Structures are given as C-alpha cells and as structure tokens.
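Working notes, structure below.
What you see is a predicted model, and the numbers here were worked out from it, not measured in a lab.
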Amino acid sequence: MSAAVVLRPRVAPVDLVRIARLLPAQIALSQLVYWKDIAFALVGAVMPLALGLLPAALADADARIGAVPARAWLLAGGLSVAVVFVVYNVINSAARRREQRIYKRLRCAPVPAHAVLLGEAISASIPAVVQVAVIVVAGRLWLGVDWPANGPLLLVVVGVGLISLTMLAFGVSGLLPSGEVATWIVTPVLAALLYFSGAFGALPDNPVLTAVHPYIPSAEIVDTVRTAYLGHAVTGQTLGHEVGLTGGFATTWHALVLLLVWAAGGLMLFNSFFRWDPRSSR
C-alpha cells in the first residue's frame with residue numbers, strides 16, 4: 001500500500017491579517033536597510049529627479065508640441081521616468097539583501113512571504129512617490145507648467161504602474177544568480193524600458209517596434225501619465241483630442257488593465273522562482 005505524497009506550496013497561503021499587522025515593521029526595516037547603503041540610495045534618489053526635470057528645464061519656454069507646451073510634454077515623460085526607475089531599486093535591493101542573508105533571517109521569523117514582498121514593494125515605491133511629487137511641484141513653481149489636468153488618473157496610473165513594475169522586478173530578481181549579475185543586468189534592462197517607453201523621443205519607424213510598443217509596461221505608463229497630465233489622449237508621440245476626467249479613464253483603462261496583467265505575471269514569477277537564500281548557499 002503506497003503512502004500518499006503531499007506537495008507543500010513554495011509560498012504559504014496569504015494571511016491578510018498577519019500581513020497587515022507585520023507590514024509597517026517590514027516597511028520600516030526595508031527603509032533602514034535601503035538608506036544604510038548611501039551611495040546606492042543616492043543614485044536611486046537623485047537620478048530620477050535629474051532625468052525627470054532636466055529635459056523640460058532645457059526646453060524653450062515658448063516651444064509647443066501640438067496644442068500643449070513642450071515643457072509640459074517633457075515633464076510628463078520625465079515624471080514617468082521616476083516610476084520606471086523603481087525597477088533599478090527593486091532588483092538591486094533584492095539581490096543585495098539575499099546575498100547579505102537579510103531575507104534568510106526574516107524567513108526564520110514568523111513573517112509571511114507575501115508580507116515581506118509587499119513591504120519591500122511599498123518601501124521601494126516610497127522614493128518614487130516622493131520624486132513624482134517633487135517633479136510635479138517643481139514643474140509648476142520652477143518651470144511654469146500647469147498642474148496635472150486629471151489628478152485622479154495620475155494618482156491611479158502612478159499607483160498601478162508602481163505595483164506592476166515592483167512585482168515584475170521582484171519576480172525577475174529571483175532568476176538572477178547574484179548581486180553582481182543583478183547590477184550588470186538591471187542597467188540595460190532599465191535603459192531598454194526607458195528607450196521603448198517613448199519618454200525621451202519617438203521610436204524608429206519599424207513594424208516590429210510598432211507592434212510590440214503597446215504591450216511594454218513602461219510605454220503604457222508614459223502614455224497614461226501624459227494623458228493625465230496634459231488632458232489629451234496620448235498614444236506614443238501622437239497628441240490626440242482633449243479629454244476630461246471620465247474621458248481620461250475611458251481612453252486609458254486598457255493600459256491600466258495591461259499593467260495589472262504584468263503585475264500578476266510578476267507575482268507568478270515571485271511565487272515560482274524567488275529565493276530567500278544566496279544561490280551559493282544551496
């Protein structure tokens with residue numbers, strides 16, 4: 001008579017009550033570890049602000065792109081960069097903390113895996129949220145760009161975009177063997193996301209790029225942020241008709257759904273491949 005074999009899931013079932021109770025402490029711990037590596041933290045804090053503000057600051061104040069000021073167009077693209085840059089923070093942080101055995105020590109405590117994931121994701125998103133706020137305020141007070149035309153849509157796309165990219169980054173980080181490899185890989189990945197996003201200019205007129213572009217998460221973030229900021233429907237480098245509050249959501253709902261699909265894919269990768277121990281310890 002053969003014994004039944006019970007397969008245990010890699011990640012424990014989600015316990016929402018425990019996650020909610022332990023989440024603040026996990027976020028505080030993650031922030032403490034993040035700012036201890038001051039060189040890495042400063043790159044993640046300063047670089048998005050520079051990329052977000054300098055293109056708009058260098059533009060002619062009277063230049064226009066269609067019906068909107070060029071500075072507003074570039075500032076909206078720069079704001080998107082602050083959201084996309086979260087990939088750099090997450091992948092590097094996850095790889096470093098795994099090698100330093102911080103995650104291994106956390107798993108010795110009664111902390112659910114998804115509490116660690118959510119706490120790390122929120123912690124990585126905090127600098128991005130601050131950067132977005134700084135870019136918006138500096139754009140208005142320093143560069144004379146109007147406030148976002150559709151504030152609720154902007155808040156939604158920033159939140160959904162951060163969820164999507166942090167989940168993806170954590171999922172991908174589980175596939176990387178070491179912190180050194182993560183550092184070498186994250187830079188070209190981030191550069192590719194920014195290039196294909198259209199934040200800094202139009203892509204080459206190539207049928208393959210044209211077909212792939214609508215499904216790239218960074219491109220969806222840029223288009224939706226520009227739609228929210230400018231009050232016009234934006235697709236790639238095309239400035240469309242003017243949209244109001246409900247019209248903005250009506251023209252971008254598909255992008256928001258696609259970002260959530262990417263987030264779900266990242267969560268699947270996390271559940272399947274994320275490692276708490278350094279590879280060398282296995």
* **Thr252 side, atom OG1; Leu258 side, atom CG - distance, nearest 0.5 Å** => 12.0 Å
* To do: Could you tell me which non-hydrogen atom of Ala199 sits nearest to which non-hydrogen atom of Val81, and how far apart they are?
  => CB-CG2, 4.3 Å
* Can you name the closest pair of heavy atoms from Val90 and Ala169 and give their distance? -> CG1-CB, 3.3 Å
* Asked: In Å and rounded to the nearest 0.5 Å, what is the NE2 to OG1 distance from His232 to Thr251?
  -> 11.5 Å
* Would you kindly confirm whether Val84 and Leu155 end up in one hydrophobic cluster when ILVMFWY residues are joined by side chain heavy atoms under 4.5 Å apart? => no
* **Side-chain touch Trp262/Leu165, heavy atoms, less than 4.5 angstrom** => no
* Within-4.5 Å side-chain heavy-atom neighbours: Ser197 and Ile221 -> no
* Backbone of Phe170 reached by a side-chain donor or acceptor of Ser173 within 3.5 Å -> yes
* Asked: Does CG in Asn206 sit with more than 12 non-hydrogen atoms of other residues, nucleotides or ligands closer than 6.0 Å?
  -> yes
* To do: Work out which heavy atom in Pro148 is nearest to a heavy atom in Leu154; give both atom names and the distance.
  => CG-CD2, 3.6 Å
* State whether the side chain of Asn150 and the backbone N or O of Gly231 hold a donor-acceptor pair below 3.5 Å, judged by distance alone. => no
* Apply the test side-chain contact (heavy atoms from CB on, under 4.5 Å) to residues Thr224 and Leu259: give CA-CA distance (whole Å), side-chain angles for both, the deciding distance (0.1 Å), then the verdict. => CA-CA 11 Å; Thr224 309; Leu259 288 172; 5.6 Å; no
* To do: Treating Ile, Leu, Val, Met, Phe, Trp and Tyr as nodes and any side-chain heavy-atom pair under 4.5 angstrom as an edge, say whether Leu49 and Leu54 lie in one connected cluster.
  => no
* Asked: Taking everything shown except Phe200 itself, do over 12 heavy atoms lie less than 6.0 Å from its CZ?
  -> yes
* Structure fact -> So CG of Leu267 and OG of Ser272: to nearest 0.5 Å the spacing works out to 9.0 Å
Cut-off 3.5 Å, no hydrogens considered: what does the side-chain donor-acceptor table look like for residues 128-135, sequence neighbours left out?
from	atom 1	to	atom 2	distance (Å)
Gln131	NE2	Gly44	O	2.9
Gln131	NE2	Ala45	O	3.2

* **Exam field: side chain Ser164 to backbone Val160, donor-acceptor pair closer than 3.5 Å** => no
* Asked: Any side-chain heavy atom of Leu245 sitting closer than 4.5 Å to one from Pro152?
  -> yes
* Do the side chains of Val83 and Val222 join up, straight or via other hydrophobic residues, at under 4.5 Å, putting them in one cluster? -> no
* For Phe85, check ring pair (Phe, Tyr, Trp, His ring centres under 6.0 Å) against everything at least two apart and list the hits. => Tyr88
* **Close side-chain approach of Leu203 and Tyr195, heavy atoms under 4.5 Å** => yes
* Rounded distance [0.5 Å steps], CG in Leu143 versus CG in Leu53 -> 6.5 Å
* Sub-4.5 Å side-chain heavy-atom contact between Val136 and Trp147 -> yes
* Could you pull out the closest heavy-atom pair between Leu75 and Ala56, with the gap in Å? => N-CB, 3.9 Å
* To do: Output yes when a side-chain donor or acceptor of Trp73 lies under 3.5 Å from a complementary backbone atom of Arg226, and no otherwise.
  => no
* Asked: Under the salt bridge (Lys or Arg N to Asp or Glu O under 4.0 Å) rule, what pairs show up with a residue in residues 117-143, not counting sequence neighbours?
  -> Arg97-Glu120
* Asked: How close do Val87 and Val186 get, heavy atom to heavy atom, and via which atoms?
  -> O-CG2, 3.9 Å
* **CH2/Trp253: more than 12 non-hydrogen atoms of other groups inside 6.0 Å** => no
* **Side-chain touch Ile185/Val172, heavy atoms, less than 4.5 angstrom** => no
* Is the backbone of Gly119 close enough, under 3.5 Å, to the side chain of Ser123 for a donor and an acceptor to pair up by distance? -> no
* Flag the pair Leu209 / Phe196 as yes when at least one side-chain heavy-atom distance between them is below 4.5 Å, and no otherwise. => yes
* Asked: Atom CG of Leu153 and atom CG of Leu256: how far apart are they, to the nearest 0.5 Å?
  -> 6.5 Å
* Please test Ile65 against Leu239 for side-chain contact (heavy atoms from CB on, under 4.5 Å), starting from the C-alpha separation and ending with a verdict. => CA-CA 8 Å; Ile65 297 177; Leu239 184 70; 5.5 Å; no
* Is a donor on one side and an acceptor on the other found under 3.5 Å between the side chain of Thr227 and the backbone of Val234? -> yes
* Asked: How about Leu190 and Ile91: do any of their side-chain heavy atoms sit closer than 4.5 Å?
  -> no
* Asked: Can you get from Trp142 to Leu58 by hopping between Ile, Leu, Val, Met, Phe, Trp and Tyr side chains that sit under 4.5 Å apart?
  -> no
* Asked: Side-chain heavy atoms under 4.5 angstrom apart, residues restricted to Ile, Leu, Val, Met, Phe, Trp, Tyr: same cluster for Val156 and Val243?
  -> no
* Structure fact -> Value for CG (Leu117) from CZ (Phe270), rounded to nearest 0.5 Å, stands at 4.0 Å
* Return the minimal non-hydrogen interatomic distance between Ala57 and Arg71, and the atom names on each side. => O-NH2, 3.6 Å
